[in-house]
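Take a look at the structure set out below.
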Amino acid sequence: MGSLPHHGGEGVGRRDLIKRSAAIGLIAAPGMGLLSACASSGGDGQGKAKAGEKTAKNPLGVNKTAGMEFVLFDGGFGKEYAEDAVKIYEKDFPGAKVKFSATQKIQSTLQPRFNQGNPPDLIDNSGAEQMDMGVLVGKKQLADLTPLLDAPSYDDPSKKVRDTLRPGIVEMGQFDGDPVWIMYYAYTVYGVWYSQKALDSLDEKYPETWDEMLKVCAKAKKKGMAGWTYAGKYPYYIPFSLYPMIGKVGGVEVLNAIDNLEPNAWKHPAVKACFEAYYELYKKGYILRGTPGLDHIQSQTAWAKGEALFIPNGSWVENESANVIPADFDLAVSAPTGIDGSDKMPFGTIWASGGEPFVVPAKAANAAGGMEQLRIMLSEASSKSFTAKVKSLTAFNGGTDGITLTPGLKSGVAALQKAGTNVVNPRIPDWYVQLEKEKIGVSGLGEMMAGRITPAEAIKRIQGYADEAAKDTSIKHYKHQ
């Protein structure tokens with residue numbers, strides 16, 4: 001989540017949250033008027049910074065005296081890494097004033113500014129109040145980042161920025177054709193996170209088949225530990241391990257069909273098998289009691305305290321839970337458990353992709369400055385700073401030399417190496433945010449894992465939601481190329 005809103009902390013009600021998300025394509029806050037009235041492509045030139053001279057040290061032609069505004073999502077990765085990158089920008093352009101701020105309320109803070117035509121120059125569009133990326137792209141409210149990607153990299157002028165990025169990062173930022181609308185800065189490993197120490201105490205290794213998973217959970221239960229917990233209030237965390245499991249069992253084409261909103265995509269036998277497997281965790285009492293009422297922080301805290309063995313999550317969890325994870329926890333991540341030997345893809349198949357989506361608004365006053373700030377952040381030094389501070393990889397393909405890797409980060413790197421080319425990247429979370437979070441997550445998987453509907457009912461419900469989205473002419477639809 002890639003760009004999933006995974007580490008917000010605001011106490012906003014879920015339904016209020018989704019209403020706000022839906023409003024991005026329909027109406028603004030009271031008194032703001034219709035969003036569509038000012039969602040035309042490009043800027044109108046008012047208040048735009050004049051272009052600067054393009055030089056070897058300033059390949060994007062940044063105006064050296066123009067102000068630059070950068071708004072960061074204040075979440076699990078903190079803000080120190082971004083503040084460090086801002087200092088480099090200020091050193092490179094000493095005549096420019098940078099306005100930097102961090103907030104958890106991205107949408108409620110910035111949506112009115114999009115509506116008014118005066119958005120910041122660079123935005124980390126993440127968190128529970130993430131603005132719907134598909135809507136922003138569909139309404140042409142974002143600048144194409146191709147000039148950044150084709151610019152010389154900050155470290156090596158002989159390499160373009162695009163040539164320094166991890167596989168799949170550029171493609172993730174594309175929605176329909178060649179333009180790249182989003183730069184996913186973090187590189188997230190999604191999967192099943194656990195304490196290796198706890199697993200060793202059960203005299204077990206990570207289970208590769210579902211029968212083995214149930215056996216491990218039964219052992220844990222006998223020792224007073226639940227097999228699983230998850231963010232019950234935000235059940236769109238469940239797909240972090242469920243989606244790659246579906247891909248492992250049925251092949252990547254099943255995930256592509258789901259992303260493409262194809263008829264009956266959710267009725268594939270692989271989906272049925274995986275839903276039934278997860279539901280078995282509920283039926284056998286292997287899920288931590290009270291989990292449906294826990295948010296992401298509460299579930300992670302219970303897990304860190306040893307109340308549950310496994311949790312579906314992304315690699316930000318190591319930093320976000322650093323204050324509750326014991327020193328001897330020995331944090332580890334694994335690709336999801338499969339069903340059995342008949343699975344289409346091998347054990348080790350994992351979901352890894354870009355996270356922390358950075359965007360430059362089409363109407364930004366200093367779009368070149370926003371892109372230059374990203375160019376700095378995609379340098380080796382900034383990448384190392386991020387990795388060392390927040391225990392996560394970046395989109396820069398490197399940046400780990402000389403850094404002592406933390407247990408979770410080391411495990412994530414090992415999981416990527418084991419996966420090799422067997423890396424899946426579901427797009428429905430960033431193509432259709434509301435569908436993914438409120439409908440598939442809360443109304444479908446959340447209800448099933450709480451035992452309020454069966455797997456068959458969940459599949460029927462989710463397929464219905466997908467069909468509605470496919471027929472909804474008010475939203476832009478995307479497909480795998």
Side-chain angles (χ1 to χ4, degrees), residues 189-232 237-238 240-242 244-245 248-249 273-274 276-292 294 296 298-315 317-318 320-322 324-341 343 346-351 391 405-419 449 451:
V189 177
Y190 300 97
V192 181
W193 293 77
Y194 59 98
S195 161
Q196 186 63 53
K197 178 186 175 184
L199 197 58
D200 289 344
S201 74
L202 298 174
D203 195 27
E204 290 285 350
K205 62 181 181 66
Y206 185 85
E208 297 188 10
T209 69
W210 205 251
D211 281 346
E212 290 172 357
M213 171 59 77
L214 296 176
K215 176 189 165 192
V216 171
C217 288
K219 256 193 180 182
K221 188 176 182 180
K222 284 181 181 177
K223 289 205 170 187
M225 175 188 283
W228 283 64
T229 189
Y230 58 89
Y237 275 58
I238 297 168
F240 296 156
S241 57
L242 179 59
M245 182 185 183
K248 173 180 169 17
V249 174
C274 293
E276 288 176 347
Y278 270 55
Y279 189 66
E280 205 165 1
L281 296 173
Y282 159 76
K283 283 200 302 182
K284 290 184 179 295
Y286 295 155
I287 293 176
L288 179 66
R289 187 182 297 274
T291 286
L294 303 179
H296 59 305
Q298 291 167 326
S299 59
Q300 288 164 194
T301 300
W303 160 77
K305 288 180 176 178
E307 294 175 25
L309 184 57
F310 299 121
I311 191 169
N313 224 310
S315 44
V317 70
E318 184 168 26
E320 192 169 60
S321 299
V324 291
I325 292 178
D328 61 349
F329 193 75
D330 201 3
L331 179 64
V333 62
S334 177
T337 304
I339 298 296
D340 54 35
D343 294 350
F347 177 74
T349 298
I350 203 165
W351 178 2
K391 311 175 183 70
L405 299 182
T406 53
L409 187 53
K410 187 175 181 180
S411 180
V413 171
L416 287 173
Q417 291 173 339
K418 181 176 179 60
M449 294 305 290

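Atom set for the values below is all heavy atoms of this structure, side chains included, hydrogens, waters and symmetry mates excluded. Residues: numbered from 1 along the sequence shown.
- The shortest side-chain heavy-atom distance between Val333 and Tyr206 does not fall under the 4.5 Å cut-off.
- Residues Pro336 and Thr349 come closest through the heavy atom pair CD-O, 3.4 Å.
- With rounding to the nearest 0.5 Å, the separation of SG in Cys217 from CE in Met225 is 11.0 Å.
- Looking only at distances, a side-chain donor or acceptor of Lys219 sits under 3.5 Å from a matching main-chain atom of Leu202.
- Taking 4.5 Å as the limit, every side-chain heavy atom of Glu212 sits out of range of all side-chain heavy atoms of Thr337.
- Considering all non-hydrogen atoms of both residues, Leu409 and Glu318 come closest at N-OE1, 3.0 Å.
- Residues Tyr194 and Trp228 keep their aromatic ring centres 6.0 Å or farther apart.
- Taking CE from Met449 and CD1 from Ile287, the interatomic distance works out to 3.5 Å, rounded to the nearest 0.5 Å.
- Around atom NZ of Lys305, no more than 12 heavy atoms belonging to other residues, nucleotides or ligands sit under 6.0 Å away.
- In this structure, Tyr282 places its OH atom where only 12 or fewer heavy-atom neighbours from other residues, nucleotides or ligands lie under 6.0 Å away.
- Separating the CG atom in Asn313 from the OH atom in Tyr230 is a distance of 14.0 Å, to the nearest 0.5 Å.
- Atom CG of Leu309 sits about 11.5 Å away from atom NZ of Lys223, to the nearest 0.5 Å.
- Taking the centre of each ring, Trp193 and Phe329 stay at or above the 6.0 Å mark.
- A donor and an acceptor atom, one from each side chain of Glu307 and Thr229, are nowhere located under 3.5 Å apart.
- Not one N or O on the side chain of Gln300 forms a donor-acceptor pair closer than 3.5 Å with the backbone of Val317.
- For the pair Cys274 and Met245, the tightest heavy-atom approach, listed with the atom from each and the gap, is SG-CG, 3.6 Å.
- Considering only heavy atoms from C-beta on, Glu204 comes within 4.5 Å of Lys215 through its side chain.
- Here the side chain of Ser411 pairs no donor or acceptor atom with the backbone of Gly408 at under 3.5 angstrom.
- Taking the six-membered ring for Trp and the full ring otherwise, Phe310 and Tyr286 have centroids separated by 6.0 Å or more.
- A heavy-atom distance below 4.5 Å is found between the side chains of Leu214 and Leu281.
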- request: Could you please spell out the steps behind the side chain to side chain contact (heavy atoms under 4.5 Å, CB included) verdict for Val216 and Leu199?
  value: CA-CA 9 Å; Val216 171; Leu199 197 58; 4.0 Å; yes
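- Across all non-hydrogen atoms, the minimal contact from Ala273 to Ile339 is O-CD1, 3.9 Å.
- Under the 3.5 Å distance criterion, the side-chain polar atoms of Lys221 are matched with a main-chain donor or acceptor of Lys284.
- Atom CG of Leu331 is separated from atom NZ of Lys410 by 13.0 Å, given to the nearest 0.5 angstrom.
- Between Lys197 and Asp328, at least one side-chain nitrogen of the basic residue sits less than 4.0 Å from a carboxylate oxygen of the acidic one, meeting the salt-bridge criterion.
- Residues Tyr278 and Ser241 come closest through the heavy atom pair OH-OG, 2.7 Å.
- Counting all heavy atoms, side chain and backbone alike, Tyr279 lies closest to Gly451 at CE1-CA, 4.3 Å.
- Side chains of Leu416 and Val189 form a contact here, defined as non-hydrogen atoms less than 4.5 Å apart.
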